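Written below as structure tokens is the structure these notes are about.
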Amino acid sequence: MKIYHLSAECYPVAKVGGLADVVGALPKYQNLAGLQAAVVLPFYDRKFTQENDFEIVFAAATLLGNRRLFFEILKEKTNKLGFELYLVKIPGLLDRENVYSYPDEREQFIAFQLAFLDWISYSQQTPDLIHCHDHHTGLVPFLLYHSKLYTRLAHTPTVFTIHNGQYHGAFGWDRLSLLPEIDLTKTGLLDWAGGINPLAAAVKCSWRYTTVSPTYLQELTYNSNGLEYLFYIERAKGSGIMNGIDTEVWNPQTDPMIPTKFSAKTLAKGKRANKEAICKRFELDPEKPLFTFIGRLVVEKGADLLPAAIERSLLENEGEINFVILGAGDKENELALLQLKNKYPEHCNVFIGYDESLAHLIYAGADFLLMPSRVEPCGLNQLYALRYGTMPIVRTTGGLNDSVIDFGDEGGYGIRFVQASVQDICHSVFRAKQLYQDTTKMQLLRKQMMALDFSWTRSTQQYIELYESLKLTI
Ligand code: ADP
Ligand code: GLC
């Protein structure tokens with residue numbers, strides 16, 4: 001089976017969050033399972049593209065409204081990522097450094113989708129399936145089935161995976177002319193709430209859609225930023241498949257980004273050495289339990305609750321705990337955290353920015369990872385933390401609900417709380433601190449966490465079964 005994955009991000013080419021991790025791993029494991037999965041991304045002018053060799057496999061022009069855009073398809077020469085990687089390059093539009101936040105983001109991703117479709121159409125390819133990820137690629141199913149340009153491909157099955165249903169990529173009908181000629185009797189499929197909504201269009205037009213955890217599939221029917229009714233009526237087409245993690249990249253025994261490698265056997269020594277490395281860097285006392293947060297400092301992640309929760313926890317626990325925060329996002333959250341760092345320099349340190357190696361070090365050396373997410377379609381941080389023997393403290397939402405069992409429950413190994421509130425976070429921090437004092441129990445729980453299997457094996461199989469079921473319906 002030949003499959004194209006279409007995405008805005010893919011690790012290690014271009015990463016902003018978990019979408020990159022998934023698109024950088026799932027195709028690799030699908031190929032190991034016998035599929036022919038390739039990834040198609042926009043071209044970004046970043047380290048990976050600068051340092052690797054590419055060949056031009058196709059060149060043509062596509063039309064974006066009345067703009068004629070010359071594009072090239074570049075293929076990474078060695079397949080070193082475990083899959084064929086294709087980049088769509090369009091001078092001035094798809095050759096920039098960052099993934100998001102350009103004022104013409106809509107044009108950027110529409111052009112990406114059109115160039116992809118033109119490429120497979122002109123080069124007479126017949127993929128067995130096209131797998132689109134998030135709203136940046138959400139117009140592909142509609143265009144495949146309802147634009148005359150791609151009639152030859154109109155029987156191609158499409159699967160659409162929702163990594164984040166909060167973002168829809170919507171834009172006004174005044175920009176319909178950015179799309180190629182479409183069947184105008186089908187415009188209702190593009191519409192939601194009076195605008196063109198790529199996420200809604202993908203849910204309507206793809207053959208099947210998936211979410212990145214089973215709980216998130218349910219949650220979308222009551223929390224999806226206005227698409228609740230759509231998810232409710234289309235629910236028969238949806239399935240929830242929990243993400244896995246790339247156990248080659250995230251392996252404490254071989255991780256080149258951590259100073260001291262460790263296994264379940266050398267856990268105590270290994271974690272201690274990595275904790276000391278973090279504490280040295282951030283000037284904290286390694287004897288105290290170390291709590292951390294890694295991620296986007298946005299409301300979705302509950303990052304706005306952190307400053308108050310950290311301060312109150314420090315007071316309630318009489319300074320017997322420490323915090324390290326790694327992240328970037330909303331300016332007011334960044335500022336509030338930096339103020340906290342100034343106020344409690346012995347207990348709280350903050351790194352504002354994106355740093356992949358530091359993230360690895362923190363997963364390896366911290367004791368507890370806080371995830372007070374309001375929305376968490378899957379969450380990979382808790383899975384990385386578990387693999388490195390760091391206990392996740394999570395709000396029971398989305399994939400956090402599906403992957404973390406409270407240590408107070410049978411077979412449990414983490415800490416769960418229900419409300420995204422300062423109160424619930426502080427209570428959980430208190431429970432964690434109590435547990436930390438019981439070193440034998442903590443050690444046993446860490447071993448248990450490290451033995452959990454969140455590898456891609458099971459989820460890869462679920463995707464393959466989904467693909468196979470679509471083959472039968474062709
Ligand atoms: P999301 O995709 O919603 O941001 P996930 O939990 O799925 O959340 O994935 C986040 C990924 O991004 C993880 O690999 C995490 O380690 C990484 N990450 C987030 N923020 C940072 C940061 N500031 N520095 C380094 N890595 C980060
Ligand atoms: C999104 C979600 C996150 C998920 C990731 C990968 O960014 O916010 O919860 O883990 O996609 O699927």
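Treat the numbers as computed from the prediction; the structure is a model and nothing was measured. As the structure lists them, so they are numbered: ligands from 1, and atoms in each ligand from 1.
Here's the thing with V212: none of its N/O atoms is less than 3.5 angstrom from an N/O atom of ligand 2. The N/O atoms of G379, backbone and side chain alike, include none that comes under 3.5 Å of an N/O atom in ligand 1. Annotation: M371 places no N or O atom under 3.5 Å from an N or O atom of ligand 1; distance criterion only. At under 3.5 Å, a nitrogen or oxygen of N381, whether backbone or side chain, sits near a nitrogen or oxygen of ligand 1. For ligand 1, the polar-atom distance check finds an N/O of G18 within less than 3.5 Å of one of the ligand's N/O atoms.
Nearest-residue assignment for atom 9 (O) of ligand 2 (options R296, E376, Q382; heavy-atom criterion): E376. When the options P377, S373, G18 are ranked by their closest heavy atom to atom 8 (O) of ligand 2, first place goes to P377. For atom 11 (O) of ligand 2, the nearest non-hydrogen atom from the set E300, H163, M242 comes from H163. With distances taken over non-hydrogen atoms, the option nearest atom 17 (C) of ligand 1 out of Q166, H360, E9, K15 is K15.
Taking the six-membered ring wherever Trp is involved, the centroid distance between the rings of Y467 and H131 falls below 6.0 Å. In this structure, the ring of Y4 has its center less than 6.0 angstrom from the ring center of F116. Between Y209 and F231, the ring centre distance stays below 6.0 Å. If you look at H136 and Y100, their ring centroids are closer than 6.0 Å. The ring of Y413 has its center no closer than 6.0 angstrom to the ring center of F407.
Not a single heavy atom of Y11 sits less than 4.0 Å from an atom of ligand 1. Distances from ligand 1 to the non-hydrogen atoms of G327 include at least one value under 4.0 Å. Within the structure, ligand 1 lacks Q382 among the residues with a heavy atom less than 4.0 angstrom away. Using a 4.0 angstrom heavy-atom cutoff, F351 does not count as in contact with ligand 1. Heavy atoms of G379 come nearer than 4.0 angstrom to ligand 2 in at least one pair. Under the 4.0 angstrom criterion for non-hydrogen atoms, A20 is not in contact with ligand 1.
Listed by number with element, the atoms of ligand 1 under 4.0 angstrom from any heavy atom of D21 are 13 (C), 14 (O). Ligand-side atoms of ligand 1 in range of A359: 25 (C), 26 (N), range being under 4.0 angstrom from any heavy atom. Counting the atoms of ligand 1 from 1 in the order shown, those under 4.0 Å from a heavy atom of Y384 are 13 (C), 14 (O). Near N243, the atoms of ligand 2 lying under 4.0 angstrom from a non-hydrogen atom of the residue are 6 (C), 10 (O), 12 (O).
Of the protein's heavy atoms, D355 N, 3.0 Å lies nearest to atom 24 (N) of ligand 1. The protein non-hydrogen atom at the shortest distance from atom 5 (P) of ligand 1 is L380 N, 3.7 Å. At the top of the distance list for atom 23 (N) of ligand 1, counting protein heavy atoms only, stands G353 O, 2.8 Å. At the top of the distance list for atom 4 (O) of ligand 1, counting protein heavy atoms only, stands R296 NE, 2.9 Å. Closest to atom 20 (N) of ligand 1, if we only count protein heavy atoms, is G295 CA, 3.4 Å. Residue, atom and distance of the protein heavy atom nearest to atom 18 (N) of ligand 1 are Y354 CE1, 3.9 Å. Protein heavy atom at the shortest distance from atom 16 (O) of ligand 1 is Y363 OH, 2.8 Å.
With a 4.0 Å heavy-atom cut-off, ligand 1 is reached by no atom of L358. Residue-level proximity to ligand 1 for K301 is carried by the side chain, the only part with a heavy atom below 4.0 angstrom. Contact annotation for D21 and ligand 2: no heavy atom of the residue comes within less than 4.0 Å of the ligand. Using a 4.0 Å cut-off between heavy atoms, V22 contacts ligand 2 through its side chain alone, with no backbone atom that close. In E300, neither the side chain nor the backbone holds a heavy atom less than 4.0 Å from any atom of ligand 1.
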One pair to check against ring pair (Phe, Tyr, Trp, His ring centres under 6.0 Å): Y363 and W250. What are the steps and the verdict? CA-CA 10 Å; Y363 288 122; W250 298 92; 5.5 Å; yes
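Classification of K261 and D255 as a salt-bridged pair fails, no side-chain N sitting under 4.0 Å from a carboxylate O. Salt-bridge annotation for R96 and D104: present, with a side-chain N of the basic residue lying under 4.0 Å from a carboxylate O of the acidic one. Salt-bridge annotation for K280 and E276: absent, with no side-chain N of the basic residue lying under 4.0 Å from a carboxylate O of the acidic one.
Side-chain contact between L85 and V13: present, with at least one pair of heavy atoms (C-beta onward) separated by less than 4.5 Å. The shortest distance between side-chain heavy atoms of H133 and V23 falls below 4.5 Å. Side-chain contact check for S263 versus Q253: some heavy-atom pair is nearer than 4.5 Å.
The CZ atom of R458 sits 7.5 Å away from the CG atom of D453 when rounded to the nearest 0.5 Å. Taking CZ from F291 and OH from Y436, the interatomic distance works out to 9.5 Å, rounded to the nearest 0.5 Å.
Not counting sequence neighbours, the partners of E107 by the salt bridge (charged side-chain N to carboxylate O under 4.0 Å, His left out) test are R175.
In this structure a side-chain-to-backbone donor-acceptor pair under 3.5 Å is missing from S373 to E376. Put simply, the side chain of D367 gets close to the backbone of L290: a donor and an acceptor are under 3.5 Å apart.
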Without placing hydrogens or testing angles, list every side-chain donor-acceptor pair under 3.5 Å for residues 325-333, not counting sequence neighbours.
| residue | atom | partner | partner atom | Å |
| --- | --- | --- | --- | --- |
| K331 | NZ | E334 | OE1 | 3.2 |
| N333 | ND2 | L297 | O | 3.0 |

